[in-house]
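Remarks on the structure that follows.
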Amino acid sequence: MPNLFAEFKALMEPGRVQVGEVISYVGGVATVTLPGGGQISARGQANVGGKFFVQEGVIQGPAPNLPIVVDEI
């Protein structure tokens, strides 16, 4: 019998990519501060103080060190 939830999840688009600054890194898990002030945990390679792209709790790679503007609509 197929897993209906797994099939439904495969139809959904992947989570959004976020940019944040790593404030701590312990045992392969980084704590990332987002521009809005929130914090998330993400797995992957990172260094403290660097900016990284994060998608669904996984560090995708380094992000350029550019100013970040947050607009609310």
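When a residue number appears, it is its place in the shown sequence, counting from 1.
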Exercise for review: Report the distance from atom CG of Asn3 to atom NZ of Lys9, rounding to the nearest 0.5 Å.
Suggested key: 10.5 Å
Exercise for review: Kindly compute the distance separating CD (Gln55) from CD (Gln18), expressed to the nearest 0.5 Å.
Suggested key: 9.5 Å
Check your understanding: For atom CD of Gln45, is the number of surrounding heavy atoms from other residues, nucleotides or ligands below 6.0 Å larger than 12?
Key -> no
**Study point:** Any donor-acceptor N/O pair, Gln60 side chain to Val54 backbone, under 3.5 Å
**Key:** no
Which heavy-atom pair separates [X] from [Y] by the least distance, and what is that distance?
X	Y	result
Tyr25	Ala30	CD1-CB, 3.7 Å
Pro35	Val19	CD-O, 3.1 Å
Pro2	Glu7	CB-OE2, 3.0 Å

Hydrophobic clustering (ILVMFWY, side-chain heavy atoms < 4.5 Å, transitive) - are [Y] and [X] grouped together?
X	Y	value
Ile23	Val32	no
Phe53	Val58	no
Val22	Leu34	yes

**Study point:** Trace of the side-chain hydrogen bond (donor to acceptor under 3.5 Å, both in side chains) decision for Thr31 with Ser41
**Key:** CA-CA 5 Å; Thr31 301; Ser41 295; 4.7 Å; no
Exercise for review: Applying side-chain contact (heavy atoms from CB on, under 4.5 Å) between Lys51 and each of Leu66, Thr33, Asn65, report the one that passes.
Suggested key: Asn65
